[in-house]
Every structure is written in structure tokens, then in C-alpha cells.
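Just below is one structure, and these are the notes that go with it.
The chains referred to below are lettered A, B, ... by the order of the sequence lines, with proteins before strands, and numbering in each begins at 1.
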Protein chains: 2
Amino acid sequence: MSEGEFTVDASGKQRPTMADVAEKAGVSRALVSIVFRNQPGASEETRQRVLRVADEIGYRPDSAARLLARGRSRTLGVMFTVQQTFHTNLIEGIYPEAERLGYEVLLSGATSGRSEEKAVEALLSHRCEAVILLGSFAEPDFLDELGRRTVAVSVSRRVPHAHVDFVHSAEAKGVRQAMDHLVELGHRTIVHIDGGRGPGSAERRRAYRAAMRRHGLEAEERVIPGEHTEQSGIETGRLLLTEREEGRPLPTAVLAGNDRSAMGLLMSLTRAGVEVPRDMSVVGYDDSHLSHLMPIGLTTVRQDAGLMAEHAVRYAVERLEDPQREPREAVVEPKLVVRGTSGPPPKR
Amino acid sequence: MSEGEFTVDASGKQRPTMADVAEKAGVSRALVSIVFRNQPGASEETRQRVLRVADEIGYRPDSAARLLARGRSRTLGVMFTVQQTFHTNLIEGIYPEAERLGYEVLLSGATSGRSEEKAVEALLSHRCEAVILLGSFAEPDFLDELGRRTVAVSVSRRVPHAHVDFVHSAEAKGVRQAMDHLVELGHRTIVHIDGGRGPGSAERRRAYRAAMRRHGLEAEERVIPGEHTEQSGIETGRLLLTEREEGRPLPTAVLAGNDRSAMGLLMSLTRAGVEVPRDMSVVGYDDSHLSHLMPIGLTTVRQDAGLMAEHAVRYAVERLEDPQREPREAVVEPKLVVRGTSGPPPKR
DNA sequence: GCGCTCTACTAGCGCGCTCTAGTGCGAGTA
DNA sequence: TACTCGCACTAGAGCGCGCTAGTAGAGCGC
């Protein structure tokens with residue numbers, strides 16, 4: 001490859017174009033285009049030759065030019081929060097489903113210094129046809145406006161009346177399963193650490209209260225305010241231990257707002273000599289990779305990230321391909337995963 | 001906004017173009033372009049009017065068309081492994097630095113079903129001018145070829161002789177600090193759980209051996225093969241406990257391959273009644289958010305993700321802007337963070 | 001009056017691709 | 001022979017923008 005044979009880009013590297021391939025293969029530019037779009041209209045022989053030549057000179061279709069010409073980008077934008085492990089599970093599911101439906105995926109991360117709005121802006125200027133928001137914290141108005149401007153799907157966060165598809169898991173069912181499990185084991189004093197204004201935590205809190213009442217345990221109902229962080233679990237642990245010293249017995253079971261909170265709780269209890277599940281049962285929520293951190297495994301409620309991702313992509317694509325369609329809501333069934341941190345309550 | 005006023009995209013939504021703005025503002029398309037590129041050549045009055053009109057009709061520059069016309073995309077591609085918490089720390093640092101230098105960032109994740117090669121391919125076809133690979137596992141040949149085709153920076157993974165910039169932390173120094181800390185506390189039987197073929201683990205292993213020898217402890221040298229996962233730490237814990245039952249005393253300190261491994265170890269030890277740091281000290285590596293999971297905090301070696309990200313972006317940009325420039329290597333100083341899991345060895 | 005410069009703006013080509021509307025040609029049919 | 005038909009292929013417009021080369025007009029000195 002001699003200097004100047006192909007277009008030279010900013011870095012001084014060569015970037016061959018379709019015209020280069022066409023010339024070298026002795027065909028027209030249009031034919032190369034046909035081959036690369038896998039469309040009928042080229043003989044098998046020519047097809048092979050074009051592909052071979054393209055590979056030789058390192059040709060790679062330019063998606064910017066492609067989408068400009070095509071009018072459609074066939075690209076889904078995904079806004080996620082860097083740091084959230086559950087989002088990465090979702091992303092893992094989004095890629096294959098998008099590919100299956102013939103769409104590309106563009107990721108844009110929100111960080112402490114880069115707001116959700118900015119991340120979404122970047123996606124839109126890259127001509128994403130639809131935007132998938134993972135666990136958005138944005139204002140309802142922002143979501144609604146975005147949803148009217150383009151096709152948008154919100155995962156985990158539900159905002160009534162916003163013109164957006166929703167995909168979330170049936171928080172209430174997950175909590176109910178966990179609570180039934182604990183009650184069946186014989187627990188009565190079951191405490192809930194909630195998740196503040198985190199996605200889904202209001203629903204979980206409500207479901208906890210409902211379950212306690214359904215089992216006739218309204219007298220034992222207790223919600224400890226928290227967050228979806230390890231720190232929150234640690235603090236709750238300290239609180240419960242302090243109370244024990246003051247004479248109030250430990251609850252026999254705790255339903256944490258999520259796995260991170262459960263892990264924090266476990267750490268502080270274990271260190272104080274409280275053995276789980278002998279002295280106390282702990283149930284998490286999410287089935288994140290933290291669940292495997294305990295040698296005995298964390299009993300938790302699994303949200304099927306793969307399925308949620310699939311729904312999100314499908315909803316986006318279906319709305320793109322039928323603009324008349326109204327936004328929908330998908331509720332994915334969560335599933336209790338019983339591992340080692342739950343067992344019968346201690347005998348008194 | 002009546003139907004058909006602007007171009008209509010696949011979803012049936014309107015997508016105004018520069019021409020729409022120009023017409024409505026009563027100026028030429030070129031002038032709108034000038035305004036949006038923030039270039040001299042427009043009066044303040046016109047500038048304001050153009051911006052107002054653009055905002056009104058919801059105009060948003062199309063980055064595909066822009067980069068096609070500009071010839072340069074001013075975009076950095078970042079390949080990362082979904083699930084790796086350290087990568088998300090790096091991404092947080094990449095965004096602001098890229099913005100400061102006037103570059104956009106495109107993320108592409110490698111997952112179990114989406115290889116690094118595929119992720120990089122996607123970046124290149126989006127015309128990224130440079131590619132930043134976070135903790136790549138790719139073959140040296142792949143890296144080298146990529147580096148010759150475009151500007152590439154490898155973070156955390158060092159491949160000698162590949163035509164690529166490297167940014168990594170001084171593993172040896174980090175390990176040495178941790179080892180000196182332990183030896184100063186009085187430890188002699190210090191075991192290392194290594195990280196298999198994970199990024200940096202070969203260097204850490206070597207540095208551990210060197211430190212043991214430097215302190216005259218070659219007789220106590222012991223490397224337990226592992227991985228950079230919680231599971232690996234848990235298994236090591238089991239191994240050590242089994243050995244204790246067989247009469248071999250526990251080592252007084254363990255240097256884990258990374259934080260995840262350290263956390264797994266801590267969990268299995270704590271559950272078996274081994275108190276940290278009274279009975280054994282544990283030191284991690286990375287200072288990931290896991291370090292806060294222990295109520296007492298994990299003693300660990302911090303890799304400065306922000307600084308590493310900054311270097312990676314700067315190297316990429318500087319090579320883009322001066323193609324003559326040869327790839328460089330940045331070594332970032334790690335720093336021991338002493339928290340609660342390290343202390344003097346038990347008295348015998 | 002002339003040429004000159006400076007500011008504010010415009011005309012129009014081209015980036016690399018897709019896609020519609022063709023052309024040329026050999027085989028099949030009347 | 002004249003015609004259609006289908007296949008393999010091509011010409012060329014246009015996607016939304018950036019950018020170079022240009023123009024028109026105001027202001028200035030001489």
C-alpha cells in the first residue's frame with residue numbers, strides 16, 4: 001500500500017472507500033454497495049471477488065455515510081449509569097437482541113460529571129432512532145418530552161402518563177415470594193430496609209407492607225429507611241445491634257432493598273458474631289454478582305435482565321416499525337432464588 | 001408544526017435540518033453552519049436569531065453528516081468489558097478529558113456473546129479516529145495490527161512490541177508498598193493469591209516474589225494460583241482452612257490478586273471464625289467499590305483511574321494530532337490505602 | 001473619484017454511501 | 001426474426017453537513 005493510494009484521514013492512516021474497492025475489483029461502486037448490503041443483483045463470482053479485494057485493502061463500510069444515505073440509522077441508543085452492575089447485565093442482553101433484529105447499539109453513559117440529559121443528547125445527535133433508558137432518574141417531564149420527540153423505552157423506572165414504553169419487573173410479586181418464603185420458614189418479625197427513591201423501591205416497600213398484613217403480622221411491620229448501597233446495609237446492621245444491646249431482640253429476618261444493602265448488612269452482622277441464617281435470615285433483591293460473594297450464597301429475588309433487555313429492544317423496534325403503535329408496558333416475572341442466607345428462625 | 005414541514009424519519013417523527021433552520025431564520029444554510037460551529041462570520045444579532053429558531057423547531061446537528069463532511073470524526077472509541085467495575089471508573093474519567101480536548105466518546109462493550117474484536121469493529125466502522133482498549137485480553141497480533149491501522153491505546157494490559165500506547169499502573173510499586181506495609185507490621189508468612197492471566201497479574205506475582213526475597217523471606221514465599229474473581233478468594237479460603245485442620249498454621253497475611261479475590265477470601269475466613277485483622281491480615285488491589293463492603297474497610301492498593309483515563313485520552317489525541325509521534329507508555333503511581341483489614345500478626 | 005480592507009453573508013462542491021432508474025446481453029418464446 | 005424477460009451490472013442523484021471561494025456593501029484614505 002503506497003502513500004496516497006487511498007484517502008488519508010486525520011491520523012495519516014489510509015481509509016479505503018467503496019470506490020477504491022470498485023476500482024481494484026474492476027466493477028462499479030454500486031455493485032460493491034450491493035455486495036456489502038447482501039442484496040441480490042451480483043453474481044456469486046463477482047461477490048467473492050469484491051469481498052476478497054475489500055478484505056485485502058482493509059475496506060470497512062463507513063457507517064456515517066451509510067446512515068446518511070440510508071436515511072435510517074437502524075441504531076438504538078442506550079443510556080445507562082456507569083457503576084450500576086444491574087445495567088451491565090441489561091446491556092449484555094441488549095446487544096444480541098438488537099443484532100437479531102438488525103439494529104446497531106450505541107452506548108452512552110451517565111456519570112457524576114455527565115448528566116442523563118447530556119448522555120441522551122449525544123445519542124440523539126448520533127441519529128439513534130430510539131432511546132432506551134436504563135434506570136433513569138430523570139424528571140417525568142423530561143421523559144415525556146423525549147418520548148414525544150422520539151421512541152423511548154424506560155427500563156426499571158416507571159413514570160405514569162409519560163409517552164414512553166416501560167419495562168420493569170413485578171416488584172410486588174418478587175417481594176411476595178420472598179415474604180411467603182420467610183413466613184413459611186416460621187418467621188414473624190421481618191424487617192424491611194427500603195431503597196429510598198431508588199427505582200422500584202416504593203413498590204417493594206408497599207408490597208412488604210401488604211405481605212405483612214396478609215399474614216396477619218401488621219403488629220410486626222417495620223420499615224427502616226435506607227438506600228440501594230452497601231453503606232445503608234452496614235448502618236442498618238449497626239442500628240439493629242445497638243437495639244439488641246438495649247434489650248430489643250433482633251428481628252429473625254430482614255428483607256433488604258437490594259443485594260448491595262443485604263451484603264452490607266451481612267458484613268456487619270457476621271462481624272458481630274451473628275450467624276446467618278442460624279440467628280437471622282437475610283434476603284436480597286436483584287441477584288447481582290454480589291450474591292455469590294457469600295460462601296453460602298445470598299437468598300435473593302432474581303430480576304431476569306436478559307428478558308427485560310429483550311423486551312426493551314423489541315418494544316423500541318416495534319414502535320419504530322409501526323409509528324401508530326402506542327407505548328406499552330412489560331412486566332417481567334421475578335423469581336425467588338433460595339440460597340444459604342435464609343432458614344428457620346432461631347428457637348426461643 | 002404541521003405534517004411534512006420537515007424531513008420525516010423512519011419513526012414518522014420530524015427531523016429538522018440546517019436548511020429548515022436557515023429558511024425559517026431567513027439566512028443561508030452556510031450561515032447556520034457558521035453559527036453552530038461557533039465560528040466568526042456572523043453578527044451577534046443573527047447568531048441569536050439562528051439559535052432561537054433552531055431551538056424552536058428542535059434542530060439538532062446530525063453528527064453523521066457532520067463527520068462525513070468534516071472528514072474527521074473527532075471521536076474516540078472505547079472498548080470495555082461490561083461487568084468490570086474498574087472499567088466503569090475509567091470511563092468516568094474518559095468522558096470529561098475527551099470533552100476538554102474537543103472529542104466525542106463512543107462506547108462499545110465486550111460481553112460473553114460479543115467479542116472484543118466485534119466491539120472494536122463497531123467502533124471503527126463508526127469512524128472513531130482512535131481506539132482505547134480497557135483491560136484487553138486480545139491476542140498480541142490483534143493489538144499490533146489494530147495499532148498499525150489506527151491509533152490505539154491499551155489500558156491495564158501491556159503487550160511489548162505492539163504498536164500501541166500503554167497506560168498502566170506501576171504494579172511492582174503497588175505490590176512493594178503493600179508488602180513493606182505487611183512486613184513492617186511484623187508479618188513473615190505472607191501468601192499471594194495470583195490472578196492467572198488477568199491484566200497485571202504477572203507483574204504483581206513477580207513483584208511479590210521480589211519483595212519476599214528482598215525481606216529475606218524466600219523460605220516463606222508462596223503463590224496460590226487464582227483468578228480475579230470472588231470465587232477464587234473463597235476457594236483459597238477453603239484451602240487454607242483445610243490446611244489448618246491438617247496442622248499447618250494459617251499464614252499471618254494474604255496479598256490477594258485484586259479486591260474481588262480479597263473479598264471472597266474475607267467472606268470464607270470470617271464465616272469460619274477467623275477474625276480479620278486479629279488472626280490474619282488481608283490486602284486487596286484496585287480500591288474498587290468493594291473495598292467499602294467491609295465495615296472496617298479493606299486495605300488495598302489504589303489505582304488512580306482518573307489519572308489513567310486522562311493519560312489514555314491525551315495519548316490518543318496527541319498521536320492523532322501529530323501522526324509522526326511514536327506510541328508511548330504511561331505508568332501511573334499506585335498508592336497503598338491502609339484500612340481495617342491489616343494489622344500486626346497474632347502473637348504466637 | 002479610485003482602490004483598498006473589513007465584515008456579514010452566500011453559492012456550491014464534495015464527504016462515502018444508498019437507491020432508483022436505467023443499460024446491455026443472452027436465453028426463451030411466438 | 002422480433003419480441004420479451006431476467007440477470008448482472010452502472011449512472012447519477014441526493015442524504016445533511018463543512019468548507020473554500022466568492023460577493024455585496026460599508027468605511028476609509030488619498
Side-chain angles (χ1 to χ4, degrees), chain A residues 6-10 14-50 54 57-75 102 104 124-129, chain B residues 6-10 14-50 54 57-75 102 104 124-129:
Chain A
F6 309 123
T7 335
V8 172
D9 79 8
Q14 298 141 349
R15 170 113 192 173
T17 75
M18 254 186 183
D20 297 317
V21 179
E23 193 187 348
K24 196 147 182 175
V27 294
S28 72
R29 224 168 30 72
L31 221 232
V32 179
S33 170
I34 286 172
V35 170
F36 270 87
R37 277 176 295 136
N38 238 326
Q39 292 244 328
S43 68
E44 193 47 37
E45 194 197 325
T46 320
R47 211 172 275 274
Q48 291 310 325
R49 184 158 38 93
V50 166
I57 68 177
Y59 168 75
R60 205 183 303 275
D62 180 336
S63 35
R66 171 174 277 183
L67 89 83
L68 190 59
R70 196 160 39 189
R72 288 198 55 181
S73 65
R74 295 195 73 87
T75 298
E104 277 195 80
L124 291 179
S125 90
H126 277 283
R127 272 242 194 150
C128 289
E129 297 182 10
Chain B
F6 309 124
T7 335
V8 171
D9 78 9
Q14 298 141 347
R15 169 116 194 170
T17 74
M18 251 183 183
D20 298 316
V21 179
E23 193 187 347
K24 196 146 183 176
V27 294
S28 72
R29 221 176 32 73
L31 222 230
V32 178
S33 170
I34 285 172
V35 170
F36 269 87
R37 279 176 293 135
N38 237 325
Q39 293 243 326
S43 67
E44 193 46 38
E45 193 197 328
T46 319
R47 209 173 277 273
Q48 292 308 327
R49 183 158 38 94
V50 166
I57 68 178
Y59 168 76
R60 205 183 301 276
D62 180 335
S63 34
R66 173 173 273 183
L67 87 83
L68 192 59
R70 191 160 45 186
R72 289 199 55 180
S73 66
R74 296 195 73 88
T75 297
E104 278 196 81
L124 291 179
S125 89
H126 276 283
R127 271 242 194 150
C128 289
E129 297 182 12

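Remark: P of C:dT10 and CE of B:M18 are 13 Å apart, rounded to the nearest angstrom. Between A:R70 atom CZ and C:dT18 atom P the separation is 7 Å, expressed in whole Å. Distance B:L67 CG to C:dC15 P: 14 Å, rounded to the nearest Å. Nucleotide D:dC19 holds its C1' atom 13 Å from the CG atom of B:L68, rounded to whole Å. We find that CZ of B:R37 is positioned 11 Å from C1' of D:dT20, with the value rounded to whole Å. Counting to the nearest Å, the P atom of C:dC9 and the CD atom of B:Q39 are 15 Å from each other. Atom CD of B:E44 and atom C1' of C:dC9 are 16 Å apart (whole Å). Taking atom NE2 on A:H126 and atom P on D:dC15, their separation rounds to 22 Å, with Å as the unit.
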Side chain to side chain contact (heavy atoms under 4.5 Å, CB included) for A:R66 and B:L68? Distances and angles first, verdict last. CA-CA 10 Å; A:R66 171 174 277 183; B:L68 192 59; over 6 Å; no
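Between the A:R127 side chain and the A:G71 main chain, a donor and an acceptor come within less than 3.5 Å of each other. For A:R29 (side chain) and A:V21 (main-chain N/O), no donor-acceptor pair under 3.5 Å exists by modelled atom type. Checked by atom type and distance alone, the side chain of A:S63 pairs as donor or acceptor with a backbone atom of B:S125 at under 3.5 Å.
Here the nucleotide nearest the side chain of A:T46, chosen from C:dT18, D:dA8, D:dG18, is D:dA8. Checked against C:dC19, C:dC17, D:dC17, the side chain of B:R66 finds its nearest nucleotide in D:dC17. Listed nucleotides: C:dC19, D:dG16, D:dT10. Nearest to the side chain of A:S28: D:dT10. Residue A:A42 places its side chain closer to D:dC9 than to any other of C:dT10, D:dC9, C:dT18. In the set C:dG16, D:dG16, D:dG12, the nucleotide with an atom closest to the side chain of A:R29 is D:dG12.
DNA chain C is contacted by both B:L31 and B:R127; B:L31 maps to the nucleotide lying nearer its 5′ end (nearest heavy atom per residue). Annotation: of the two residues near DNA chain C, A:I34 and B:S43, the 5′-most nearest-nucleotide partner is B:S43.
Pairing partner, D:dC30: C:dG1, with both Watson-Crick or wobble hydrogen-bond distances short of 3.5 Å. Searching all strands for a Watson-Crick or G-U wobble partner of D:dG22 with both distances below 3.5 Å returns C:dC9.
Here the side chains of A:I57 and A:K24 are in contact, with some heavy-atom distance below 4.5 Å.
The 12-atom threshold is not exceeded at CD of A:E45, counting heavy atoms of other residues, nucleotides or ligands nearer than 6.0 Å.
If you check every strand for non-hydrogen atoms under 4.0 Å, A:A30 touches a base. Contacts of B:S63 with the nucleic acid, taken as non-hydrogen atoms under 4.0 Å apart, are absent. Note on A:P61: only backbone sugar-phosphate atoms sit closer than 4.0 angstrom, heavy atoms only; bases stay farther off.
Listed pair B:S33 / D:dG18 meets the phosphate criterion, a side-chain N or O lying under 4.0 Å from OP1 or OP2.
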